[in-house]
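This report concerns only the one structure given below.
Every chain is numbered from 1, with letters handed out A, B, ... down the list of sequences. What you see is a predicted model; the values in this text were computed from it and never measured.
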There are 2 protein chains.
Amino acid sequence: MRPTVHDIAAEAGVSLATVDRVLNARVGVRAETRERVQAAVTRLGYVRDVAAANLAKSRSYAIRFILPDGDNPFMHALKAHVLQVGDPATRLGGLERLAVSLDPVPSLDAVALAAALDRAGEQRPAGIAVVAVDAPEVEAAIGRLTARGIPVATLVSDLPASGRRHFAGIDNIAAGRTAGGLMRRFLSGRSGPVAVIAGSLTLRDHRERLSGFADVLAQGAQALNLLPVLEGGDDPVRVEALAGRLIAEVPDLAGIYSLGAGDQGLIRALSAAPERRPQAVLLHELSPHTRQALEAGLVDAVLAQDPGHIARSAVRVLRAFADGTSFDPAQERIRIDIFLKDNLPPG
Amino acid sequence: MRPTVHDIAAEAGVSLATVDRVLNARVGVRAETRERVQAAVTRLGYVRDVAAANLAKSRSYAIRFILPDGDNPFMHALKAHVLQVGDPATRLGGLERLAVSLDPVPSLDAVALAAALDRAGEQRPAGIAVVAVDAPEVEAAIGRLTARGIPVATLVSDLPASGRRHFAGIDNIAAGRTAGGLMRRFLSGRSGPVAVIAGSLTLRDHRERLSGFADVLAQGAQALNLLPVLEGGDDPVRVEALAGRLIAEVPDLAGIYSLGAGDQGLIRALSAAPERRPQAVLLHELSPHTRQALEAGLVDAVLAQDPGHIARSAVRVLRAFADGTSFDPAQERIRIDIFLKDNLPPG
DNA sequence: CAGATTTTGATTTACGTATCTCAGAATCTG
DNA sequence: CAGATTCTGAGATACGTAAATCAAAATCTG
């Protein structure tokens with residue numbers, strides 16, 4: 001059997017109260033006594049039963065997610081996973097005393113986001129997870145939370161200078177480089193111009209993906225020629241117009257890399273003129289539309305990050321910060337997934 | 001506050017004892033009373049506090065992992081992750097009352113494996129996780145465990161006919177198809193023979209990968225010519241000899257797919273004659289050697305399954321079976337990871 | 001309707017830890 | 001050495017659930 005606090009008390013020859021004072025770092029214990037207890041702890045290999053401790057404390061972890069509104073399918077999926085993690089009927093929700101709440105904010109509105117962060121902080125939650133927008137107001141709001149001791153994790157889009165404690169998302173420069181590596185190999189041998197469609201270059205993650213991608217395309221023996229970046233505002237309608245013109249006007253187009261959202265528009269443009277489809281088409285994030293396009297051969301590969309993993313990871317990490325415990329960085333690393341038609345997860 | 005059993009009792013107008021009888025499906029409750037209690041449960045949205053329940057039951061989950069000995073780097077990594085999951089100082093180990101033990105068995109020895117399974121079953125563990133060998137003895141042993149009500153999960157290599165409750169590993173046919181898709185695209189335009197190096201075709205996962213790969217290569221406009229499969233017994237020395245001869249004797253070799261282990265030998269052979277390296281080299285599993293080869297450009301892509309995920313997933317799933325609760329299939333799905341030089345996880 | 005049987009209530013103890021109180025012991029201060 | 005101060009001990013209570021006992025009530029059987 002695992003040793004309990006009672007065993008520690010007996011082993012150290014002190015009372016339960018003293019063991020408690022040492023274990024919970026309370027004042028009023030002589031240094032010598034403290035050491036006796038700690039020696040007993042290591043000798044017996046005691047580890048606190050976290051479940052019992054939380055029961056006794058009737059502690060619960062309030063975690064607030066602040067996510068953008070709107071019709072972005074990835075954000076929708078993320079939202080669904082957050083709700084699922086917080087569901088007390090699930091393992092995480094039930095066993096770990098979570099109280100997850102979800103605050104929607106208008107997409108890409110820095111002022112509203114900063115206000116939502118301040119409001120969320122008022123409730124003194126155990127942690128806050130937020131999809132950051134790259135703006136000084138947001139940076140300052142996160143800084144205020146951190147200063148008040150509330151751990152903040154950024155999701156998907158990072159803001160390293162804000163003082164956030166953790167980022168749950170992919171390395172977007174590496175994602176861009178990965179897209180570049182795939183593009184080079186998928187076009188091995190041949191040359192021709194390559195187009196990039198972004199949402200907006202004011203978005204940090206889009207800028208980063210672009211820089212990684214451009215980097216790799218410029219390297220190596222035969223350099224691929226990158227066309228000027230098109231910005232579609234993550235809007236399917238605008239993306240469709242841009243992609244349609246692109247395909248019509250650049251006859252020898254070798255590849256397209258869509259690094260933002262609005263891919264439904266790109267897919268429509270591609271299926272409207274299948275005979276002019278470039279040799280390699282890459283885009284980001286799995287959704288019903290992108291899955292279908294991959295299966296139909298309209299798209300060659302999809303880069304993705306797992307929204308379920310992001311939601312679970314953010315909760316685990318914020319909990320660990322709240323408790324002052326550690327976590328496994330390898331488990332919390334969000335992978336850059338590459339999906340081809342053949343390794344698509346079911347569903 | 002979340003409702004407790006006391007609230008249920010008050011709401012239903014019955015005693016605590018009766019609530020307990022209903023919740024834990026004990027006998028001696030009239031159908032009508034049972035329904036009153038269940039109505040109160042749904043009305044108040046009661047969910048059992050699993051942590052408190054486990055504390056009261058002083059339940060702990062003994063989970064045995066049966067893993068092959070030997071110098072396979074993937075199995076080493078898997079072993080390390082299993083030990084980490086079982087460590088009571090970690091979240092999973094601490095919060096979830098796990099008692100994980102690890103039984104090593106000689107690699108590829110069906111008789112020893114069957115004996116180990118029987119021995120593990122004697123202790124009546126909450127669950128058993130095993131890397132299956134495709135043999136009737138093993139199938140029978142797993143069947144006996146299942147018959148005794150002990151849930152078994154196969155890891156990495158499956159044995160569907162055995163009656164195992166769960167498989168934690170990748171779909172190897174899909175992995176082979178994925179490799180085929182990458183090979184086709186990496187060789188786009190050009191033709192030439194493609195070689196496959198397997199460990200042994202008596203291994204189910206190797207056979208499956210081969211069949212998926214061959215399938216994809218045969219499809220499509222320009223068929224790639226598959227050379228007869230080489231079997232290297234997962235042994236670096238033998239693989240090196242095979243690969244060396246292959247590179248020397250097939251001048252127009254377009255690609256190599258190594259679907260088993262022993263890749264250190266392949267990498268040595270490739271670096272010995274870098275000028276004759278085929279255009280596309282694919283292999284399985286990340287290890288210090290394969291990482292380095294990817295970074296050096298000797299290998300183009302690595303297909304992988306995350307051993308940490310496999311270990312954690314097996315524990316979660318076996319726990320759920322032991323409790324009769326459900327789990328999230330999407331979370332437990334082991335992905336076919338594709339790593340290029342650019343999306344390699346650090347470390 | 002008496003007696004047997006089934007169902008229900010009331011109460012207690014336990015799980016491992018946290019937190020509090022109050023008294024007593026040990027140590028320090030002047 | 002008295003008095004103040006700091007440490008320590010013993011005990012109680014709580015967290016939410018499980019599991020048991022025993023008595024009382026309700027229902028069924030013949």
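If you check every strand for non-hydrogen atoms under 4.0 Å, B:Asn24 touches sugar and phosphate atoms only. Among the atoms of the strands shown, base atoms are found under 4.0 Å from some heavy atom of A:Ala17.
When rounded to the nearest whole Å, the span between CZ of A:Arg97 and P of C:dT17 equals 15 Å. Regarding B:Arg26, its CZ atom lies at a distance of 15 Å from the P atom of C:dT7, rounded to whole Å. Here D:dA26 presents its C1' atom at 13 Å from CZ of B:Arg36, a figure rounded to the nearest Å. Taking atom CG of residue B:Asp49 and atom P of nucleotide C:dC15, one finds them 18 Å apart after rounding to whole Å. Here D:dG9 presents its C1' atom at 10 Å from CG of A:Leu16, a figure rounded to the nearest Å. Note: CD (A:Glu35) to P (D:dT8) measures 12 Å, nearest angstrom. For the pair A:Asp20 CG and D:dA12 P, the computed distance is 17 Å after rounding to whole Å. The distance between atom CG of A:Leu55 and atom P of D:dA18, rounded to the nearest whole Å, is 12 Å.
Between the side chain of B:Arg21 and the base of C:dG9 there is at least one donor-acceptor pair of N/O atoms closer than 3.5 Å.
B:Asp306 has a carboxylate O that lies under 4.0 Å from a charged side-chain N of A:Arg335, or vice versa, which qualifies the two as a salt bridge. A:Asp158 and A:Arg164 are joined by a salt bridge, as a carboxylate oxygen and a charged side-chain nitrogen come within less than 4.0 angstrom of each other. A salt bridge does not link B:Asp7 with B:Arg2: every distance from a Lys NZ or Arg NE/NH1/NH2 to an Asp or Glu carboxylate oxygen is 4.0 Å or more.
Closest to the side chain of B:Thr18, out of C:dG16, C:dG9, D:dT8, is C:dG9.
Phosphate proximity of D:dG16 to B:Arg2: absent, as no side-chain N or O sits under 4.0 Å from OP1 or OP2. Here A:Arg48 does not reach the OP1 or OP2 of C:dT17: none of its side-chain N or O atoms lies under 4.0 Å away. For the pair A:Ser15 and D:dT8, the criterion of a side-chain N or O lying under 4.0 Å from OP1 or OP2 is not met.
Nearer the 5' end of DNA chain D, as judged by each residue's closest nucleotide, is the contact made by A:Val14, out of B:Val5 and A:Val14. For the pair A:Arg34 and B:Ala53, nearest-nucleotide mapping onto DNA chain D gives the more 5' position to A:Arg34. Of the residues near DNA chain C, A:Ala52 and A:Arg30, the one whose nearest nucleotide (by heavy atom distance) lies more toward the 5' end is A:Ala52.
With A:Val105 as reference, A:Leu113 is the one residue of A:Leu113, A:Leu117, A:Val133 to meet the side-chain contact (heavy atoms from CB on, under 4.5 Å) rule. Under the side-chain contact (heavy atoms from CB on, under 4.5 Å) test applied with B:Ile8, the options B:Val14, B:Asp20, B:Val41 reduce to a single match, B:Val41.
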